[in-house]
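One structure is given below, encoded as structure tokens.
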Amino acid sequence: MTLVEGMRSHLEKAVSAADEDFGWRRMWSGSAAREGVWSNVRSAEVTLLQLVSDEEAAGRVSEVMALVKDHLATDDPRRVRLARRLRSIISGEMSPSDRDLMVRALDAAYNALDDELARVRSLRNILWTATFLVLLGAAGLAVYGWFFPESLSMCFTPKVNPGDTSGIDVVCPTAEHPDQKVGTPASSLAQPRDILTVEIAGLAGAALTVIASLRRIRGTDSPYMLPLASAVLKFPTGALSAFLGLLLIRGAFVPGLSDLDSRAQVLGWAAAFGAAQHLVTRLVDDRAQMTLAEVGRTTDAVIDPERAAVRESNVLGETTGVSGPPTAFEDGAGPHEGPQERTREGAHPDEEADGSRPRAGP
């Protein structure tokens, strides 16, 4: 009854986690609760495998083997041993040790699946946290620029002809000021909405890269919206990169772009720098896709791929009848010849296996 009670306990925990109401914490805790539900259901399934009959366990060995191949490494001892015993179990020759091997292999595969999903959830949380922090930084710059526009001026003074003392033009993101008095500081004409306007243009540029990146995004059956978190990060990053890009231009860090001639150029460069954030966030997209690809696919980074493939093909060849290199027998017999099929040791070559000589005539 201990196994039955343990299985009932796992199912009760799964029901409790499924019924829990997290309220405003659902975004962070809801996915972890779903993960807990499936983890307890899997644990109950492992316990059930210990209680079913031999016939039912033998019928499930192929399903167990598929899960093991998806989540355990190629040279994992449990995977190799189960592959060796697969044909015997299917044929009904299952021993108590085979059932124990199936239970341990299934439990290890489910534990590996839980670890894979935990990595996806962790990366999702990191991306949402980074998005919030970058958004907080961009909003802080907009608020600071609203109250102190002269401190973070985004205004430019286009070059004038030498000797021209009629006036200068000052170009800002929200307005153009022509024929200003020579020597007028450009920052004195900055408006509270300048930084906010620049960040909005950067958001527009980032939106284009999000749309372009949709062609690379693949759907996933994991319970976490990792591609969405990766895409949302681009928006505040685009706003921040637009501000930093114009700040570099205004500081003459980009040769030939120290003075922009019109408000349209200012906003155009802001949108361009907003789209340029893709050079950085593309690495995040690649990391997200790689993490999703690792769910259900064993990681063989520490294994020589060629040797692992040969090893598994040999194991499957022994168990499923797949053709492979000939196997050496201890007694020297070939693969289609056993000791009982050869002539007895010391017998005459013309003798048959039962010891009688063939008759010469009728």
Side-chain angles (χ1 to χ4, degrees), residues 22-38 113-145 154 173 193 195-248 266-297 299:
F22 293 94
W24 64 272
R25 297 180 293 111
R26 176 166 294 276
M27 179 178 179
W28 295 96
S29 303
S31 57
R34 291 194 299 271
E35 187 176 322
V37 170
W38 284 109
L113 175 60
D114 290 338
D115 293 340
E116 294 163 3
L117 293 177
R119 286 194 294 270
V120 176
R121 174 166 54 88
S122 176
L123 182 57
R124 191 278 313 268
N125 292 342
I126 291 174
L127 290 180
W128 281 118
T129 303
T131 300
F132 174 76
L133 293 178
V134 176
L135 179 61
L136 188 63
L141 285 173
V143 171
Y144 183 83
M154 296 282 100
R193 300 186 301 273
I195 294 180
L196 181 60
T197 303
V198 168
E199 291 184 349
I200 292 175
L203 283 173
L208 291 178
T209 63
V210 172
I211 296 173
S213 64
L214 290 178
R215 60 183 179 86
R216 300 178 54 200
I217 294 179
R218 296 180 299 173
T220 174
D221 57 355
S222 67
Y224 310 106
M225 296 182 292
L226 189 57
L228 176 62
S230 176
V232 172
L233 178 61
K234 296 179 183 294
F235 289 99
T237 306
L240 189 61
S241 63
F243 167 78
L244 294 177
L246 287 182
L247 190 64
L248 292 176
V266 175
L267 296 180
W269 277 105
F273 280 114
Q277 52 76 33
H278 182 65
L279 299 176
V280 177
T281 56
R282 180 182 60 184
L283 303 177
V284 179
D285 295 339
D286 294 342
R287 177 69 263 182
Q289 292 297 329
M290 187 181 303
T291 303
L292 287 176
E294 290 175 357
V295 178
R297 187 187 68 182
T299 304

Please check if atom CZ in R193 has more than 12 non-hydrogen atoms from other residues, nucleotides or ligands closer than 6.0 Å. no
Can you pull out every salt bridge (Lys or Arg N to Asp or Glu O under 4.0 Å) where at least one residue sits in residues 132-141? Sequence neighbours excluded, please. none
Test side chain to side chain contact (heavy atoms under 4.5 Å, CB included) applied to K234 and V284, V280, D285, the passing residue: D285
Only distances under 3.5 Å count here; give the side-chain donor-acceptor pairs of residues 131-145 to other protein atoms, sequence neighbours excluded, each with its distance to 0.1 Å.
from, atom 1, to, atom 2, distance (Å)
T131, OG1, L127, O, 2.8

Compare every heavy atom of L279 with every heavy atom of L283, then report the nearest pair and how far apart it is. CG-O, 4.4 Å
Tell me whether S122 contacts the main-chain N or O of A118 through its side chain, where contact means a donor paired with an acceptor under 3.5 Å. no
Which atom pair, heavy atoms only, marks the closest approach of S241 to G274? OG-CA, 3.6 Å
Give every donor-acceptor pair under 3.5 Å between a side-chain atom in residues 198-206 and any protein atom, sequence neighbours left out.
none

Distance col, row L240:CG vs Q277:CD, nearest 0.5 angstrom, shows 10.5 Å
Any chance you could lay out the side chain to side chain contact (heavy atoms under 4.5 Å, CB included) test for F273 and L244, step after step, and finish with the verdict? CA-CA 8 Å; F273 280 114; L244 294 177; over 6 Å; no
To the nearest 0.5 Å, what is the distance between CG on L267 and CE on M154? 12.0 Å
Interatomic distance, OG1@T281 vs CG@D286, rounded to 0.5 Å, equals 10.0 Å
Check whether S230 reaches the backbone of L226 with its side chain - one donor and one acceptor, N or O, closer than 3.5 Å. no
The reported gap from CZ in R121 to CD1 in I126 (rounded to nearest 0.5 angstrom) is 11.0 Å
